[in-house]
Amino acid sequence: LDVGHSAVKVVADTPSGRHQFIFPSVATLAIELSEPGAREAAARETVVVDGKSFFFGHTAVSQGTPDAESGMNENWVTAPEYSALVLGAFLKLQQMPERISPEGSIVVVGLPSKFFSQQRPILSAIMKKLAPHSKILVLPQPLGPFNCIQLDADGKESTNHNMSNEAWGVIEIGHFTTDFGVVREGNWIDKNSGSCPGGHVLVERVVNRIKEDRGYTLPLVEATKAIAQGSFKEYGNQVSIKPYVDEAATHLITVVINKANQLLDADARTLDGIVVAGGGASIIYPAIASKYPHAVIAAGDPRMTVAEGFCRFGCAARNDMKVRAERQAKIAVTPTAA
């Protein structure tokens, strides 16, 4: 699970195959709906946290307040809205034809680099409460993209790289934070890890410019969606958002490059590459590539890279558990020498 601040990204590996989906990171207290069809639809996106019902995802966006947006603070993993989004991901998995349950699963979640050391035990405890019969693994966000290089889809070591001899940097541009990390010869390097503001600074500037230019306020959730899709609706017409994004991107690029100077510059020359991922990857990548010629943009959809990498890490943990279980079974049936 990549429980981001703009969207929840889910990738699950099961006996029936690989499954992935995404939904908005919005959770609001549920309200009584008057229309039967709306009530039925909302029931599929309603969960209970500490005795209170929450709408999540698309239902929270449509039935909640226009400016509903979850998690724009440093301690949001402790908020009931965060738990609602996690339970929402579990509910959507259970609603699939395969009826995927977290029971007995390995569940991998992440934290921004800046908060990882402090919040890891907190998030582990929260996740254990939400999925008491699952194995919980909490990683720094940049390890998601890194694991997409280190591991194949089954969680086995990639044949394209020898990570025991390589060093890779990661720049993951999320909505709330941009996270940096370096893994050198299999070890996470603390001095190269950290965070700076993420895509929300761009979204807020786009919203402000649209208000100045067109005279109305685009809700933050709608603006985030419009940036991803390239346009927003205005009285029946589609309006390109690109001019506003291009103008606002300058500030975000400056913020990210300044943090890269601080965390990566001293060691960039010795890295085998720097992978750029996250929802803001396509906006930031050209500037990063001009500074670091060995930078690469994450394969596939950069927005899903963290969740995909977490899933691969979970697959690797599952493989290790299977090997240990087989070894223990072999020892159990081996006769003791006289």
Side-chain angles (χ1 to χ4, degrees), residues 2 4-5 110-118 120 139-152 157-202 245-246 248-310 312-313:
D2 177 15
H5 294 266
L111 284 165
S113 300
K114 180 180 179 181
F115 312 130
F116 178 70
S117 296
Q118 178 185 356
R120 182 183 184 183
L139 304 180
Q141 289 285 118
L143 280 185
F146 174 78
N147 283 321
C148 287
I149 299 171
Q150 177 178 232
L151 305 170
D152 64 18
E157 292 290 335
S158 171
T159 57
N160 297 322
H161 298 278
N162 182 0
M163 288 308 184
S164 62
N165 292 322
E166 294 187 23
W168 280 79
V170 178
I171 303 175
E172 193 265 323
I173 302 96
H175 187 67
F176 185 49
T177 59
T178 295
D179 292 297
F180 299 79
V182 166
V183 180
R184 187 178 294 277
E185 298 176 356
N187 297 308
W188 174 259
I189 308 300
D190 276 348
K191 70 173 184 175
N192 299 117
S193 69
S195 306
C196 70
H200 72 93
V201 300
L202 181 147
V245 172
D246 290 345
T250 303
H251 176 65
L252 178 59
I253 289 169
T254 300
V255 170
V256 172
I257 293 298
N258 286 344
K259 196 65 175 181
N261 289 340
Q262 176 188 338
L263 294 175
L264 300 182
D265 255 20
D267 300 293
R269 177 184 55 81
T270 66
L271 300 176
D272 291 276
I274 298 173
V275 60
V276 183
S282 61
I283 295 171
I284 300 296
Y285 176 71
I288 294 174
S290 67
K291 179 178 178 61
Y292 303 119
H294 54 347
V296 296
I297 196 164
D301 181 357
R303 203 178 188 196
M304 296 298 295
T305 306
V306 171
E308 173 62 30
F310 283 178
R312 295 186 185 198
F313 188 85

Heavy-atom pair with the smallest gap, counting every atom of Ala298 and Thr305: CB-OG1, 3.3 Å
Derivation of the side-chain contact (heavy atoms from CB on, under 4.5 Å) call for Val170 and Gln141: CA-CA 9 Å; Val170 178; Gln141 289 285 118; over 6 Å; no
Verdict with reasoning, Phe313 to Leu143, per side-chain contact (heavy atoms from CB on, under 4.5 Å): CA-CA 9 Å; Phe313 188 85; Leu143 280 185; 5.8 Å; no
Side-chain touch Met163/Phe146, heavy atoms, less than 4.5 angstrom: yes
Flag side-chain contact, heavy atom, 4.5 Å: Asp301 against Glu308: no
Heavy-atom side-chain proximity of Ile173 to Ile283 below 4.5 angstrom: no
Which atom of Tyr292 lies closest to which atom of Asn261, heavy atoms considered: OH-N, 4.2 Å
His251 and Leu202, any side-chain heavy atoms less than 4.5 Å apart: no
Smallest separation among heavy atoms of Trp188 and Gly181, with atom names: CH2-CA, 3.7 Å
Close side-chain approach of Ser113 and Pro142, heavy atoms under 4.5 Å: yes
Expected output: side-chain His294 to main-chain Ala268 donor-acceptor under 3.5 Å: yes
Candidate pair Thr177 and Lys114, rule side-chain contact (heavy atoms from CB on, under 4.5 Å), full reasoning: CA-CA 9 Å; Thr177 59; Lys114 180 180 179 181; over 6 Å; no
Side chain proximity check, Trp168 to Val183, heavy atoms < 4.5 angstrom: no
Interatomic distance, Ile274 atom CD1 to Ile171 atom CD1 [nearest 0.5 angstrom]: 5.5 Å
Pairwise side-chain contact, Lys291 with Ile257, heavy-atom cut-off 4.5 Å (strictly under): yes
Test item: Gln262 and Phe180 side chains (from C-beta on) under 4.5 Å apart, heavy atoms: no
Taking every non-hydrogen atom, the tightest pair across His161 and Glu166: ND1-OE1, 3.1 Å
Positive for side-chain contact (heavy atoms from CB on, under 4.5 Å) with Val182, one of Leu263, Thr270, Leu264, Asp267: Leu264
Backbone N/O of Ala167 and side chain of Asp272: donor-acceptor pair under 3.5 Å: yes
Salt bridge flag under 4.0 Å for residues Arg303 and Asp2: no
Least distance between heavy atoms, Leu271 atom then Gly169 atom: CD1-N, 4.0 Å
Donor-acceptor under 3.5 Å (Thr178 side chain, Pro197 main chain): yes
Asp179 and Ser195 side chains, donor-acceptor separation under 3.5 Å: yes
Heavy atoms from other residues, nucleotides or ligands near CZ of Arg184 exceed 12 (cutoff 6.0 Å): yes
Residue pair Gly300 / Pro302: nearest heavy atoms and the distance that separates them: O-CD, 3.2 Å
